[in-house]
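We count residues from 1, following the sequence as given.
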Amino acid sequence: MRLTVLGGCGAWPEAGQACSGYLVEHDGFTLLVDVGYATVPRLLERVSQDQVDAVFVSHGHPDHCADLNPLLRSRALRDDPPKPLPVYALPGALDAVLALDRPGMLDATYVLHEFTAGSRLDIGPFRAETRLLPHWVPNAGVRLTVDGRVLAYTGDSGPSPEVVALARDADLLLAEATFVDEVPEDSRRDLSSARQVGRQAEDAGVGQLLLTHLQPGTDPATARAAASDGYQGKVGVAISGMVIDLS
């Protein structure tokens, strides 16, 4: 299993970066997990739009799904459109982004598979187990398993025992860590700090931790240090272009 980070900024993309978007590849199958602001140009530097086999979206905030529109446009506005793209999302999560164009314009470019958080899905070679994690809108964390390797991804989530359950013994936990230490009071249920994520990664016994969705302007070294206070394993920060092989 190979993970390529297209973007890892929280809320909006910093200069030269992108918001949440991750390619997960195995045995020739390419799964795009989240497709936030500015991810499509970075996607197209690595694969063509035709080579994306499926899309999984954790939740409907635009820093996780806005670039689904240009991805579908790139497949629709051509003389030889590819077959419809399977898109997996929670009910209603993509209503806004799919309504950006005139009615019917993108209909032939995708097949929407809406699922309930807690469902298990087969997406190409991946077994996907989903969990409802706390956020302002419904958010599905996902655990992807293939050939005995496990990648767990939180989407955006406040601290929760469900995060630990999702990540239990995973080879890699890709976890939202918008803040370094203190989460503002009005966001404590819905977002996490690097320090909190580090403790949860330790509780889950994950092989390595990759922090993502850092608030723009956050010093990555400070976030890594905060996570390492509670987690004894390897800690990284998701940056556009990063590649991690789980083998």
Gap separating the [atom1] atom of [X] from the [atom2] atom of [Y], nearest 0.5 angstrom:
{"X": "Arg42", "Y": "Asp67", "atom1": "CZ", "atom2": "CG", "value": "9.5 Å"}
{"X": "Leu72", "Y": "Leu106", "atom1": "CG", "atom2": "CG", "value": "5.5 Å"}
{"X": "Met1", "Y": "Asp171", "atom1": "CE", "atom2": "CG", "value": "7.0 Å"}
{"X": "Arg199", "Y": "Ser193", "atom1": "CZ", "atom2": "OG", "value": "6.5 Å"}
{"X": "Met105", "Y": "Leu100", "atom1": "CE", "atom2": "CG", "value": "10.5 Å"}
{"X": "Gln200", "Y": "Arg195", "atom1": "CD", "atom2": "CZ", "value": "14.0 Å"}

Do [X] and [Y] touch side chain to side chain, with heavy atoms closer than 4.5 Å?
{"X": "Leu23", "Y": "Leu32", "value": "yes"}
{"X": "Gln196", "Y": "Phe179", "value": "no"}
{"X": "Thr218", "Y": "Val180", "value": "yes"}
{"X": "Phe29", "Y": "Gln51", "value": "no"}
{"X": "Leu191", "Y": "His135", "value": "yes"}
{"X": "Thr39", "Y": "Leu43", "value": "no"}
{"X": "Leu68", "Y": "Leu98", "value": "yes"}

Ignoring hydrogens, what is the shortest heavy-atom contact between [X] and [Y]? Give both atom names and the distance.
{"X": "Cys65", "Y": "Val97", "result": "O-CG2, 3.6 Å"}
{"X": "Ala227", "Y": "Val235", "result": "CB-CG1, 4.0 Å"}
{"X": "Asp203", "Y": "Arg168", "result": "O-NH1, 2.6 Å"}

Where the side chain of [X] meets the backbone of [Y], is there a donor-acceptor pair that is under 3.5 Å apart?
{"X": "Asp53", "Y": "Thr30", "value": "yes"}
{"X": "Thr116", "Y": "Ser119", "value": "no"}
{"X": "Asp63", "Y": "Cys19", "value": "no"}
{"X": "Glu176", "Y": "Ser192", "value": "yes"}
{"X": "Arg75", "Y": "Leu71", "value": "no"}
{"X": "Gln49", "Y": "Leu44", "value": "no"}
{"X": "Glu202", "Y": "Gln232", "value": "yes"}
{"X": "Ser240", "Y": "Leu6", "value": "yes"}
{"X": "Ser228", "Y": "Arg224", "value": "yes"}
{"X": "Asp34", "Y": "Ser20", "value": "no"}

Partner set under side-chain contact (heavy atoms from CB on, under 4.5 Å) for [X], not counting sequence neighbours:
{"X": "Ala128", "value": "Leu121, Ile123, Val142, Leu144"}
{"X": "Ala66", "value": "Tyr37, Pro62"}
{"X": "Arg2", "value": "Thr4, Glu25, Val243, Asp245"}

Looking at residues at least two apart in the chain, or sitting in another chain, which of them share a side chain to side chain donor-acceptor pair (under 3.5 Å) with Asp147?
->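 Applying side chain to side chain donor-acceptor pair (under 3.5 Å) to Asp147 gives His26.
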Expected list for residues 156-163: side-chain donor-acceptor pairs under 3.5 angstrom, two or more places apart:
unit_1: Asp156; atom_1: OD1; unit_2: His64; atom_2: NE2; d: 3.1
unit_1: Asp156; atom_1: OD1; unit_2: His213; atom_2: NE2; d: 3.4
unit_1: Asp156; atom_1: OD2; unit_2: His59; atom_2: NE2; d: 3.4
unit_1: Asp156; atom_1: OD2; unit_2: His64; atom_2: NE2; d: 3.0
unit_1: Asp156; atom_1: OD2; unit_2: His213; atom_2: NE2; d: 3.2
unit_1: Ser160; atom_1: OG; unit_2: Glu162; atom_2: N; d: 3.0
unit_1: Glu162; atom_1: OE1; unit_2: Arg131; atom_2: NH1; d: 2.7

Should [X] and [Y] be regarded as members of a common hydrophobic cluster, given that ILVMFWY residues are connected when their side-chain heavy atoms come within less than 4.5 Å of each other, either directly or indirectly?
{"X": "Val197", "Y": "Leu174", "value": "no"}
{"X": "Val33", "Y": "Leu173", "value": "no"}
{"X": "Val52", "Y": "Leu151", "value": "no"}
{"X": "Val40", "Y": "Val55", "value": "yes"}
{"X": "Leu211", "Y": "Tyr231", "value": "yes"}

Could you go step by step and tell me if Tyr22 and Thr212 meet the side-chain contact (heavy atoms from CB on, under 4.5 Å) rule?
-> CA-CA 11 Å; Tyr22 315 93; Thr212 192; 2.7 Å; yes
Quick one: do Leu172 and Leu210 satisfy side-chain contact (heavy atoms from CB on, under 4.5 Å)? Show the steps, please.
-> CA-CA 7 Å; Leu172 175 66; Leu210 187 62; 4.0 Å; yes
Crowded around Glu185 CD? As in, over 12 foreign heavy atoms under 6.0 Å?
->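 Not more than 12 within 6.0 Å, no.
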Check Tyr153, Phe115, Phe126 against Phe56 for a ring pair (Phe, Tyr, Trp, His ring centres under 6.0 Å) and give me the one that passes.
->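 Going through the options one by one, the only one that passes is Phe115.
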Identify all side-chain donor-acceptor contacts of residues 79-91 below 3.5 Å with residues at least two apart in sequence or on another chain.
unit_1: Asp80; atom_1: OD1; unit_2: Arg78; atom_2: NE; d: 3.1
unit_1: Asp80; atom_1: OD1; unit_2: Arg78; atom_2: NH2; d: 3.3
unit_1: Asp80; atom_1: OD2; unit_2: Arg78; atom_2: NH2; d: 3.4

Pick from Leu246, Val146, Leu3: which one makes a side-chain contact (heavy atoms from CB on, under 4.5 Å) with Val24?
->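 For Val24, the side-chain contact (heavy atoms from CB on, under 4.5 Å) check succeeds only for Leu3.
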